[in-house]
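So the structure is just underneath, and the comments pick up after that.
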Amino acid sequence: MAVADIAIARIVAEIAEEMRSHENRGKVATYIPPLAQVPADKFGIAVILHDGTVHAAGDAEEPFSIQSISKVFALTLALGAVGDQLWHRVGREPSGSAFNSIVQLETEHGIPRNPFVNAGAIVLCDVLLGRLQPREAIGQMLRFVRELAGDDGIAIDETVARAELETGFRNMALANYMRAFGNIHGDVGMVLGTYFHFCALAMNCRQLAMAGRYLMGGGQVGGHRVVTEKRARRINALMMSCGHYDNSGDFAYRIGLPGKSGVGGGILAVAPGIASIAVWSPGLNPSGNSHLGQLALERLVQRTGWSVFEPRG
Ligand code: GLU
C-alpha cells in the first residue's frame, strides 16, 4: 500500500497528538540515575522517507540517551572490523531473557545469545578494542553516527556515562564472567568504559532516524555505501529477531519491523526501502522497551501498511 506524503504527515501528527495525552505511559528507568530525571510526558517521532522527506512531531528535536540503540551502530562497526569472525564470539538467536541476564551465559559458555543484549554488546566493544584504544573507539563511534546523521551536533552525555560506570554492577558482572570464559580479551574496565560511552550517546528522534537510513536503503544513503546490501539485510534480520530483549517476538507480532530499543525510551525502526523511523517516550514496559514508542509504531504500521509481513506488489 503506497501512502501519499501528505497522508504520512497527517498520520505522524495524529500519532503524536494521541501519545501526548495518553495516560498509561510506562515507567521511566531508574537504575541509571540521570535517566530517572527525564519527565515521562515526553513523546517524539521522526519518519524519514526513502526520498529524504522528514516528518517529525512532538519532542522530535529533544535529545535523549539512546542507550541500547547504540548496539546497532556498534554491531555495524564490529562487523566492519572483523566481518563474520564476529559470530565465533556472539550468537544470532533471540535471548528470551532480560537485557542484562547472566543466566544463559553460564550454560552457553560465555557466548552471548546475540549482539543486542548487554553481554553481546560488551563483546562488540572488546572486538573494537582489539584494534583501537578506548578513546579511539569512542571517537570512531561518534564520527560514525555524526556522519550517518549528517549532524556534528551529536555528543556523548558524560553525566550518563559516569553514572553507568558508578552503578553498572550487573554489566561488570557480565563482562567479568565472559572474561572468565575467555570471551573478553581486553581489560574489563576499558571494555566497559567504551560500552558505557556508546550507551550514553545523546540524539534526538530526527538525528536517530537520519542515522538509520542506511538500514532502510540496503546499506547505502544517497549513493554513499555504508555497508553491503547483504550486511544491511542481516542487521535488519537481527533487529527483527533480537532488538527488543524478551519482548522481541511481541514486537515482531505487533509491529513487524526491524527495530532496536533502549532503556532511555527510544526505538529505531526500519521499513526497508520505505522509511527510517525513530520514536521516543521515556516510560518503559516491564521488558525495558518504550511503552508509548511501541504503541506509536503499532499505530504507524496499521495506518501505512509498512510491516515487512504486508504483501507487496
Ligand atoms: N546502558 C544500559 C545498560 O547497560 C543499556 C540497557 C538498554 O538500553 O537496554 O544497562
Side-chain angles (χ1 to χ4, degrees), residues 26-38 63-75 90 94-105 112-126 134 137-138 141 145 156-178 184 188-203 205 208 211 238-239 242-248 250-251 259-269 278-291 293-294:
K27 283 207 172 67
V28 175
T30 51
Y31 77 102
I32 302 172
L35 297 188
Q37 312 300 320
V38 182
F64 59 90
S65 191
I66 73 163
Q67 291 293 316
S68 277
I69 303 169
S70 65
K71 293 173 167 92
V72 174
F73 306 121
L75 173 63
V90 191
S95 68
S97 38
F99 63 94
N100 54 9
S101 170
I102 203 163
V103 178
Q104 272 169 351
L105 276 181
R113 271 287 170 102
N114 66 66
F116 295 149
V117 289
N118 287 9
I122 291 168
V123 170
L124 299 178
C125 292
D126 188 56
I138 294 164
M141 171 62 89
V145 292
I156 288 172
D157 185 334
E158 286 296 336
T159 310
V160 173
R162 205 168 323 113
E164 292 209 53
L165 259 173
E166 286 162 4
T167 59
F169 301 109
R170 282 191 84 108
N171 288 319
M172 289 169 206
L174 291 170
N176 279 297
Y177 203 48
M178 291 190 289
I184 292 292
V188 168
M190 287 188 182
V191 173
L192 286 169
T194 306
Y195 169 75
F196 292 138
H197 277 81
F198 287 1
C199 290
L201 270 164
M203 294 169 77
C205 288
L208 190 57
L238 287 164
M239 288 168 73
C242 311
H244 299 267
Y245 313 115
D246 47 340
N247 209 203
S248 298
D250 189 56
F251 189 87
K260 181 72 201 88
S261 65
V263 293
I267 303 176
L268 171 64
V279 288
W280 170 56
S281 178
L284 308 178
N285 69 15
S287 301
N289 300 304
S290 174
H291 177 67
Q294 287 196 341

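One-based numbering, in listed order, for ligands and for the atoms of each. The chain is numbered in sequence order, starting from 1.
- An N or O contact shorter than 3.5 Å is missing between S261 and ligand 1 by distance.
- Close approach of ligand 1 to N171 (heavy-atom distance below 4.0 Å) involves ligand atoms 3 (C), 4 (O), 10 (O).
- Near C199, with a cut-off below 4.0 Å to any heavy atom, the atoms of ligand 1 are 1 (N).
- Closest approach of P115 and L238 over heavy atoms only: CG-CD1, 4.4 Å.
- Of all non-hydrogen atoms in N171 and F196, the two that sit nearest each other are ND2-CE2, 3.5 Å.
- The shortest heavy-atom distance from F196 to ligand 1 is not under 4.0 Å.
- For M172, the CE atom sits in a packed shell: over 12 heavy atoms of surrounding residues, nucleotides or ligands are nearer than 6.0 Å.
- You'll find the side chain of N114 reaches within 4.5 Å of the side chain of S95, heavy atoms only.
- Looking at N289, its side chain never comes within 3.5 Å of a backbone N or O of N285 through a donor-acceptor pair.
- Here's the thing with S68: one of its N/O atoms is less than 3.5 angstrom from an N/O atom of ligand 1.
- Near E164, the atoms of ligand 1 lying under 4.0 angstrom from a non-hydrogen atom of the residue are 1 (N), 2 (C), 3 (C), 4 (O).
- Atoms of ligand 1 found under 4.0 Å from any heavy atom of Y245, numbered from 1 in the order shown, are 7 (C), 8 (O), 9 (O).
- Remark: ligand 1 atoms within the under-4.0 Å shell around heavy atoms of G262 are 8 (O).
- Where the criterion is an N or O separation shorter than 3.5 Å, residue side chain and backbone included, G264 fails it with respect to ligand 1.
- H197 and E164 share no side-chain donor-acceptor pair at under 3.5 Å.
- Contact between P34 and T159 at its shortest, heavy atoms only, is CG-O, 4.0 Å.
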